[in-house]
Student: 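One structure, as structure tokens, below. Some questions next.
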Amino acid sequence: MRQLTTFRNQFDFQSIRWKDMIRWFPGHMHKGMKDLEQSLPRVDGIIEIHDARIPHSGRNPQFYQRLIAGHKPHILILNKSDMADPKYLNKSIEYIQTEQPNVQVVQTSLTTIDLKEMTKMFGHLLQQIVEMPRYSRSSKSEYNIIVCGIPNVGKSTFINKLRNLFANKSSCEQVGANPGVTRTMSEKVKISNRPKVYIRDSPGILEPRLKSADESFRLLLTNSIPIQQRQLSDIIADYGLFLLNKYGKQREYMKYCELDRPTDDIVTLLLSLAKIKHCTQIYGDKRGYDLTGTALHFVNELNKGTFGRITFDQDILDAREEGKFSDATLFKTNSGQMRKSI
């Protein structure tokens, strides 16, 4: 009889200096927040885009506190919902609206969204904007919308989609696979003539201090934070394996890595995957398996959805639904200190 695999109950962050691995609040993020604040009097609506797989992790409460706070029409688009666990899509909306009751939350995939869905989504926001009094800009006939959110969640893709669908023009915003492509507030892009509507992109903005190690690693797995030290990719891959086991996704990685049983050992998984992908390199005068490159490949495949649809914040949504955690506990840091949410 095959022995059942025992999985870890928690990931050991204490043995690694995870804060040294993740130092990414570049100067353009600080400037981007200041630019957003300064442009607020001229803004009529705000579109925030986030990754549906991490409805909690990475969302910057300063967006709501300093930029929105209920004074501007605001829509939150949870992109990549086709890659999130379908059982947690409604839970994600409920979780967000518990924190921000007035926000309209829409789940979609911006890579496959069609004209009908885009028109419905954008039309609802535009209706709110047109109907809301504009005391400081009542004489203006144009409307300005800003798109904001954390890095690499689809902001530029969304603007290009709007431009293609409504203005019948080619893409104008640079799109990249790596976070941080947009580094400054973009020029206004006209997407509608009647009424005149302009939209602007903004640089991806994270919190200056991330709430916990778990949150930081989930941002790494979804490519909202770049992996800056290649040699640490095996640790990030190990955390990905930990979550796959925790959320019952063993079958998916077993098939891809050609394993006959689940494993809680990242080296076992990487060795098997390196053999399949022929991932090798020269060590001195010998050729051996490149486990670092294999780990990067594994993390990339996890982000692409190769191992099935997964909501990385599943544990937070479950805990909130079961009433096990208060708001403060949900935002507990690795040092044990509490940080207040929105």
Side-chain angles (χ1 to χ4, degrees), residues 45-110 112-113 117-118 120-125 127-128 147-150 153-155 158 205-207 210-212 214-219 221-222 224 243-244 246-249 303 305 308-333 338-342:
I46 296 173
I47 297 174
E48 179 188 354
I49 301 180
H50 197 68
D51 193 317
R53 298 170 295 174
I54 46 171
H56 163 78
S57 297
R59 283 199 70 215
N60 190 339
Q62 294 183 30
F63 278 148
Y64 198 80
Q65 293 172 332
R66 294 165 60 179
L67 303 180
I68 303 167
H71 302 304
K72 301 282 183 180
H74 171 216
I75 183 172
L76 169 60
I77 298 173
L78 292 178
N79 186 25
K80 306 179 184 179
S81 62
D82 57 326
M83 300 171 69
D85 190 325
K87 294 183 296 185
Y88 287 87
L89 293 177
N90 288 334
K91 291 182 180 182
S92 297
I93 294 178
E94 292 168 3
Y95 171 77
I96 291 167
Q97 291 184 330
T98 299
E99 297 288 321
Q100 302 171 359
N102 297 323
V103 67
Q104 178 193 358
V105 184
V106 176
Q107 294 178 327
T108 189
S109 171
L110 293 176
T112 59
I113 191 171
E117 186 182 358
M118 181 72 88
K120 181 180 178 181
M121 181 197 327
F122 188 70
H124 184 77
L125 175 67
Q127 182 180 359
Q128 291 183 59
V147 179
C148 59
I150 67 172
V153 288
K155 298 185 298 297
F158 176 75
I205 300 173
L206 290 162
E207 290 187 80
L210 294 168
K211 302 182 189 79
S212 69
D214 275 305
E215 178 182 36
S216 303
F217 272 67
R218 291 171 195 198
L219 291 169
L221 290 176
T222 54
S224 291
L243 287 185
L244 288 171
K246 182 177 182 178
Y247 298 154
K249 303 290 184 179
N303 180 39
R309 299 176 65 172
I310 180 171
T311 296
F312 294 103
D313 284 345
Q314 173 182 325
D315 51 355
I316 293 174
L317 298 177
D318 285 341
R320 183 61 177 268
E321 185 178 55
E322 295 167 7
K324 291 183 178 179
F325 294 136
S326 65
D327 287 348
T329 309
L330 285 171
F331 291 87
K332 191 172 182 180
T333 67
M338 301 294 183
R339 193 166 188 275
K340 185 63 179 172
S341 175
I342 294 169

Student: Do the non-hydrogen side-chain atoms of Leu76 and His50 ever get within less than 4.5 Å of each other?
Tutor: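 Leu76 vs His50: side chains touch.
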Student: Does a salt bridge link Arg59 with Glu99, judged by any charged N lying under 4.0 Å from a carboxylate O?
Tutor: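 Glu99 and Arg59: not salt-bridged.
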Student: Looking only at side chains, do Tyr247 and Asp85 share a donor and an acceptor under 3.5 Å apart?
Tutor: no
Student: Quick check: do Ile46 and Pro73 have side-chain heavy atoms less than 4.5 Å from each other?
Tutor: no
Student: Is any side-chain heavy atom of Leu78 closer than 4.5 Å to one of Thr108?
Tutor: no
Student: Does the side chain of Arg53 pick up a donor-acceptor pair with the side chain of Asn303 at under 3.5 Å?
Tutor: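 The criterion, which ignores hydrogens and geometry beyond distance, is satisfied for Asn303 and Arg53.
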Student: Are the side chains of Leu243 and Gln314 in touch, meaning some heavy atoms are under 4.5 Å apart?
Tutor: no
Student: For the residue pair Asp214 and Phe312, establish whether any side-chain heavy-atom pair is separated by less than 4.5 Å.
Tutor: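 No; the side chains remain at least 4.5 Å from each other.
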Student: Do His74 and Glu48 meet the criterion of a side-chain donor-acceptor pair at a distance under 3.5 Å?
Tutor: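 Result is yes, a qualifying pair exists.
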Student: What closest approach, in Å, do Arg320 and Thr98 show between heavy atoms, and which atom pair accounts for it?
Tutor: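 That would be NH2-CG2, 3.0 Å.
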Student: Do Ile47 and Cys148 touch side chain to side chain, with heavy atoms closer than 4.5 Å?
Tutor: no
Student: For a 4.5 angstrom cut-off between non-hydrogen side-chain atoms, does Ile54 reach His56?
Tutor: no
Student: Less than 6.0 angstrom from the centroid, inside 45 degrees of the normal: does Lys91 satisfy that with respect to the ring of Tyr88?
Tutor: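 Flagged: Lys91 positioned over aromatic ring of Tyr88.
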Student: Does any non-hydrogen side-chain atom of Lys80 lie less than 4.5 Å from one of Ser109?
Tutor: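 They are not in contact (no side-chain heavy atoms under 4.5 Å apart), so the answer is no.
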Student: Only one of Asp51, Leu89, Thr311 forms a side-chain contact (heavy atoms from CB on, under 4.5 Å) with Ser81, so which one is it?
Tutor: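 Between Ser81 and the candidates, side-chain contact (heavy atoms from CB on, under 4.5 Å) is satisfied uniquely by Leu89.
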Student: Inspect the contact between Asp313 and Arg218 and indicate whether a charged nitrogen and a carboxylate oxygen are less than 4.0 angstrom apart.
Tutor: yes
Student: I need the minimum non-hydrogen distance between Gly58 and Ile150, along with the two atoms involved.
Tutor: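 That would be O-CG2, 3.0 Å.
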